[in-house]
Amino acid sequence: MTQKQPSNQPFSNTTFGFMTVVEVPSLGHCGGLLLVSNIGRPIEFHFTAPVASNRTQEIMYGKTYSGFLCGDRIGAALVDKARRLPTMFVTDSPDILPVCELIDTSLILVPSTMELESKPEPFDGKGLKSFQIDNDEIYCLNTPENQLNLIRQQAATFASVLPFDEPFERIRQAIGEAHQVLKVA
Amino acid sequence: MDQSLRQIDWTSVIDGMSPEVHFADSWEAGSVEMPPVVSAKISNRKLKTSSYFFSDVGASSGKGASSKKSGGLFDPFSKGEAEANQSPTNQEKGAKKSGQASAASQRTRIQPPSDVIRLEDRLFYLLQPPLETLLGGKTMEFPFEPFNFQYAGIAFLFPRHSAILADEMGLGKTMQAISTVRMLLRAGYIKNVLLICPKPLMTNWQREFKSWAPEVTVAAIKGNQYQRAWHWKANQAMVKLANYELLTRDEAMVTDKNHEYDLVILDEAQRVKNKSNATSQVVQRIPRKRSWALTGTPIENGIEDLVGICEFAAKGTVTSGMTPREVRVRVKDLILRRTKDLVMTDMPPRIMRDAELALSADQQLTYDGAENDGVMRLNEMGDELTIKHVFELVLRLKQVCNFDPATGASSKIERLKADMEEVAASGQKAIVFSQWVDALQVIGKQLPEHNPLEYHGRIPSKQRDPILEEFKNNPKRNVLLMSYGAGAVGLNLQFCRYVFLFDRWWNPAIEDQAINRAHRIGAAGSVTITRMIMAGTIEQRIHEILEAKRELFREILSEGAQPGRRGLSKDEIFGLFDLTTPKGKIVPTSDEEAQAA
């Protein structure tokens, strides 16, 4: 999957793809991708069916299993469904980062509700960079050096409108609602 | 096929792996025995995903739906492109200045109402950003930052086609309704609104629209019949403002089936509590898509009031004969009711004390005589008996509860004197309310050491403000004697920490208004309210009826809810005495709506 790096567009045209993985009790992991406008209005929402952990795969993938499950499978499925290419993808889950192998769009990792124990490992050829917004360390992938400042500016502008953790809150609530409705149905 | 060959169904064992069983062929079988090899391939089976695409006017699901560009509706940046392109540093500074930080800490979400069934519609509401973000934008400036509960009220109204906003008076129902109308208009969800209010409130609504939604055009329907006809037909204004009084006159125009309103709002909706009156009938027939009712008193006398309002807001939700529990369940998603106690958590507490006192010996003697004689006389009247006669007896007995007319003895005054000593000793001030000016003057004579001031209907208007100034600024003036009629509304006496209700008004809402003179925003500390009730008398019976009403109100609406403008009904006034004739119990025959207040 190859996607084009967004150009230097005005902020009003920027869109953000918030992507996270939620654990649904007794069902497994469920991914959600919420594409929002520059002011946080929803444009697209995609969520996956829950994926149960697979013991054989866990053994085979070892400590890379979470990355495989959340990034290569769930993240990839979500990105594949997006009709609009966001200016950047935003995640609060380090396990989703491997999805960067499948896209060219910038992907930033924000420490919202998840505490990172250590700096995420860099991915080959993608280069892990970081910058700060409001004293928060933001990790950035898939971003050439000359685009980094632009991405930082766009991310900071968005954060001045809405805190980064807010869209994830919506994703979690929407996934919960969807499962509740589908369960009743 | 060789016996050693085995068919293995690994799929039942290992999810996501495809078994590949190698079968030993004949020469292998005949020579060196090779162990069977099982190869597991990692499945790349596609995950099932669900997708929803949103535009400004709702959700669409599936692949066929296209994504429309968002903007306009809630887009606070739609007019602020230049500013939005400023450097992030400036943006961040601006955001902090305009209170975005506080918006971030408080997140009010629009929750889908229970009658929204489709998942895509529910998700549309759930996935909207918090109201603080939507309303904090550059193109929806407000005269001041709404309170959190007001955001919650907007979030309640926004998605609903049927709603009753029943906040206690003073919490800003008007502002919440206007702001939601403004958002819905911007969203393109609605295009024409009809707002109906009592005539005296027309100018107030116009003023409030100017303040909270200056870009929304409002046309007041008024003038002679030709002018009004023109107004009804004209479509220039987004909001038409009409009063209840003209609905019946303009019935044909307001109920014209060719003119459907996207939203009809009834202010002071208790005006249509009687579903069979002419105004209610007209209101129910207005063609409309959304129906909102605003009222601080959805239940004045009983469940039947709510039935009337529901006939407009959500026909059939509540019907006559339902139990309070059934009603509560039915209206749970329909009514939003908040009280000051509930939402103004930063306000100092309001401490209610019921001082149940015994009549003095003189009072008891007079009271018993008056009651016995009075009831006997009423019984003798038979069919001639009207509510007026009963009412006169009640008033007479209430006066005896205050003072014995012959000796002036009063348990209440003894208690008040004792309490006032404490109030004065602590350097505080008190307001004493009574429904009778004569009683206030007697009280005044009994409290000379506290230099009482009087504020009631017999004081000329010009002298009233100086009296309040004197009370506020003179530390020797500890007590203000006030009548309910003169002091119930419009006065700010939040420097007072004590309120005494020397006698009880018929209507808890009037009492609440009186109490709110002292207990209001800006109150210096807790406010103690002492309600004086004479045990075993008419006062206690009235108190019990009013408390039962409060309880009914709480049961149907919410915990902590306050009663509305509810006095005693005709039946309740008759019921204060066990009136019987040789023919049996006296039942009132008059149709008169006997609200005591």
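Side-chain atoms are counted along with the backbone in the values below, which use heavy atoms only and exclude waters and symmetry mates. To find a chain, count down the sequence lines: A is the first, B the second, and so on, and within it residues start at 1.
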> What residues form a salt bridge (Lys or Arg N to Asp or Glu O under 4.0 Å) with Glu177(A), not counting sequence neighbours?
Replying inline: Arg122(B)
>> I want to check something: taking the side chain as every heavy atom from C-beta on, are Pro163(A) and Arg107(B) in contact at a cut-off of under 4.5 Å?
In response: yes
> Do Pro129(B) and Val161(A) come close enough that some side-chain heavy atom pair is under 4.5 Å?
Replying inline: no
>> Distance alone, cut at 3.5 Å: any donor-acceptor contact between the side chains of His46(A) and Thr49(B)?
In response: no
> For the residue pair Leu119(B) and Ala178(A), what are the closest heavy atoms and their distance?
Replying inline: CD1-CA, 3.7 Å
> Of the non-hydrogen atoms in Leu126(B) and Ala174(A), which two are nearest, and what is the gap between them?
Replying inline: CD1-CA, 4.4 Å
>> With chain B as the partner, which of Ile74(A), Thr48(A), Asp72(A) has the greatest number of non-hydrogen pairs under 4.5 Å?
In response: Thr48(A)
> side chain to side chain contact (heavy atoms under 4.5 Å, CB included) between Tyr52(B) and Phe47(A): does it pass, once the steps are laid out?
Replying inline: CA-CA 9 Å; Tyr52(B) 299 90; Phe47(A) 67 94; 3.6 Å; yes
>> Between Gln111(B) and Gln173(A), is the side chain to side chain contact (heavy atoms under 4.5 Å, CB included) condition met? List the steps.
In response: CA-CA 11 Å; Gln111(B) 295 293 330; Gln173(A) 207 178 353; 3.3 Å; yes
> Can you tell me how far the OG atom of Ser50(B) sits from the NZ atom of Lys81(A), to the nearest 0.5 Å?
Replying inline: 9.0 Å
>> Which heavy atom of Arg170(A) sits nearest to which heavy atom of Leu127(B), and what is that distance?
In response: NH1-O, 2.6 Å
>> Do Glu166(A) and Pro130(B) make a side-chain contact, defined as non-hydrogen atoms from C-beta onward lying under 4.5 Å apart?
In response: yes
> Residues two or more places apart in sequence or in another chain: which of them pass salt bridge (Lys or Arg N to Asp or Glu O under 4.0 Å) with Asp333(B)?
Replying inline: Arg160(B)
>> For a 4.5 angstrom cut-off between non-hydrogen side-chain atoms, does Phe53(B) reach Ile43(A)?
In response: no
